[in-house]
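Below is one structure, written out as structure tokens; the observations come after it.
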There are 2 protein chains.
Amino acid sequence: MATEKVFHLGPVRVRVNAAGDDAAPRQRLSRERIVDVALAQMKERGYEAVSMRSIAKDLGTGPASLYAHVANKDELDQLLIDRVAGDFPIPEPDPERWDEQLKQSLLDMLTVYRAHPGVARATLGMIPTSPGAMRNAEGVMALCRAGGIPDQLAAWACDMFALYMGAVAIEEDVWRARAAAAGEGGEPLREEDMVAAVHDVFASLPADEFPLLRSLASVMTTGDADDRVGFAVDIMVEGLKALARREA
Amino acid sequence: MATEKVFHLGPVRVRVNAAGDDAAPRQRLSRERIVDVALAQMKERGYEAVSMRSIAKDLGTGPASLYAHVANKDELDQLLIDRVAGDFPIPEPDPERWDEQLKQSLLDMLTVYRAHPGVARATLGMIPTSPGAMRNAEGVMALCRAGGIPDQLAAWACDMFALYMGAVAIEEDVWRARAAAAGEGGEPLREEDMVAAVHDVFASLPADEFPLLRSLASVMTTGDADDRVGFAVDIMVEGLKALARREA
DNA sequence: CGATTGACACGAACACCGTTCGCTAGTAGA
DNA sequence: TCTACTAGCGAACGGTGTTCGTGTCAATCG
């Protein structure tokens, strides 16, 4: 981008070097830079707060400029997922402890999503065909094979795992955004306040209609996100093993 | 809403009954009607295509009128979920077959979501505190108790089930919307075409990096949505039983 | 060297979104 | 009758993703 101004004096065109303002050379746009900025913004403000305009603003340009590098917002979503999925760790399968490795692998997925708040939201309805996601799937299939899980079960489990872990991450992201929004204008909402509020909902249910939920209000609200995810991961892996035994 | 026109003649105000056009009494707005229209539009065009404006248009008014009945779009989402969750069937627990009942209950959830395309999307980040969802949770807890599942495990399983089944429904909704959008301007995209395309992705992966996925391309793409959901439901219930046995 | 072409950059504008504000009309209660 | 409240709703606000048309620059060709 030249920093020149063009003046028309009748049939004469005059170029004047307008070096007075913003003389520093403007850094060229690229997909990399767009993805960098999008990820940084999502980390800070969540998925919904990131728009083509907000990204362009941080890059010192207008939203239309982004379209020279990404076809549309969907493609940007895909690029974000690709970037993040590249961070999923892939363990070397050990047949003696493949199931523990698998559990850890699923938890690691969530850890990576947590390190990139907002990005999980972009996985909705997206076939995980990015290199990183494919590498992860290959790793899960390898772990299952090391554990003697039939291929078809392993394939379907791959699907389930990706969907569930993505859903957990999405839900956490949405909750974080809601807590931040609710806290605006005052103290940010704390997790224990939200848990207490949910507990009150359960405890206030009519006993004739909801005898279990009402009497189990504390049980329903016991356990943090890690407890629940750890439990769900246990269920999925133990369930997979049970189904494999059933088929053998 | 009176069908009158007011004319100002200097200091004089004249009311004229404008019965000539649209003389039929206008039906009063209500939450019920707003929810009805929103559900109908979502069924036809998907979640993203339904806005306050589109709903208002079908009701023969402007978007601002809706705010006399619903606080905002979030509240409308909540009302939609409430409406749909009311349809979840609640079985009478039979200790001899509680697990089959539980599986069927989960599948029934998906069936209800499928009858209301788009609505699952509104469950994202929503505490399922609507009467319908609470009734469903009570039903799940009752089934688990009939099966001797420890309360804490049952409570966490409730969470997991709701999240996973909602995620499946959302993903199906998103896919349906994508297929419809991709088919615009020509033949709608058929499922087998999409499966073939995904198969090609797997089959085209580099063999050195993705030996399993590449050789198992057919396995990865075998099975329709019901196969995969049935499998996942099996995993979750069998996994829950395995964890309960482990704790006993 | 000048002309042409392709890629990048980007302002203006389009069509849409959720929501608020201010005003009018109708109804119920004092 | 007057007052207060509720419902209805147009205009406008501040935002979204995207397209169109124009200008600039660099590379290539004649």
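Here is the naming used below: chain letters follow the sequence lines, and residue numbers restart at 1 for every chain.
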With a cut-off of 3.5 Å and sequence neighbours excluded, list every side-chain donor-acceptor pair involving residues 130-137 of chain B.
residue, atom, partner, partner atom, Å
B:Ser130, OG, B:Ala133, N, 3.3
B:Arg135, NE, A:Glu209, OE2, 3.3

Which donor-acceptor pairs under 3.5 Å do the side chains of residues 49-60 of chain A make with protein atoms, sequence neighbours left out?
residue, atom, partner, partner atom, Å
A:Ser51, OG, A:Arg53, N, 3.4
A:Ser51, OG, A:Ser54, N, 3.0
A:Ser54, OG, A:Gln41, OE1, 2.8
A:Ser54, OG, A:Ser51, N, 2.8
A:Ser54, OG, A:Ser51, O, 2.9
A:Asp58, OD2, A:Gln41, NE2, 2.9

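Within 6.0 Å of the CD atom in B:Glu191, the count of heavy atoms belonging to other residues, nucleotides or ligands does not exceed 12.
For A:Phe210, there are no ring-ring contact (aromatic ring centres under 6.0 Å, His included) partners at least two apart in sequence or on another chain. In this structure, the ring-ring contact (aromatic ring centres under 6.0 Å, His included) partners of A:Phe231, at least two apart in sequence or on a different chain, are B:Trp156. Considering only residues two or more places apart in sequence or on other chains, A:Phe202 meets the ring-ring contact (aromatic ring centres under 6.0 Å, His included) condition with none of them.
The side chain of B:Ala64 approaches D:dG10 more closely than any other nucleotide in the set C:dC10, D:dG10, C:dA9.
The stretch residues 66-84 of chain B touches DNA chain C through B:Tyr67, B:Asn72, B:Lys73, each having a heavy atom within less than 4.0 Å of the strand. Contacts between residues 49-57 of chain A and DNA chain D, defined by a heavy-atom separation below 4.0 Å, involve A:Ser51, A:Met52, A:Arg53, listed by number.
Within the structure, salt bridge (Lys or Arg N to Asp or Glu O under 4.0 Å) contacts touching residues 33-47 of chain A (residues at least two apart or in different chains) are A:Asp36-A:Arg83. Contacts classified as side chain to side chain donor-acceptor pair (under 3.5 Å) and involving residues 159-174 of chain A (residues at least two apart or in different chains) are given here: A:Arg114-A:Glu172, A:Asp159-B:Arg228, A:Asp173-A:Arg176.
Within the 4.0 Å cut-off from OP1 or OP2 of C:dC10, at least one side-chain nitrogen or oxygen of A:Ser65 is found. In this structure, B:Thr61 does not reach the D:dG8 phosphate: none of its side-chain N or O atoms is under 4.0 Å from OP1 or OP2.
Between the OH atom of A:Tyr47 and the C1' atom of D:dG17 there is a distance of 12 Å, given to the nearest Å. Whole-Å rounding puts the B:Leu59 CG to D:dC9 C1' distance at 13 Å.
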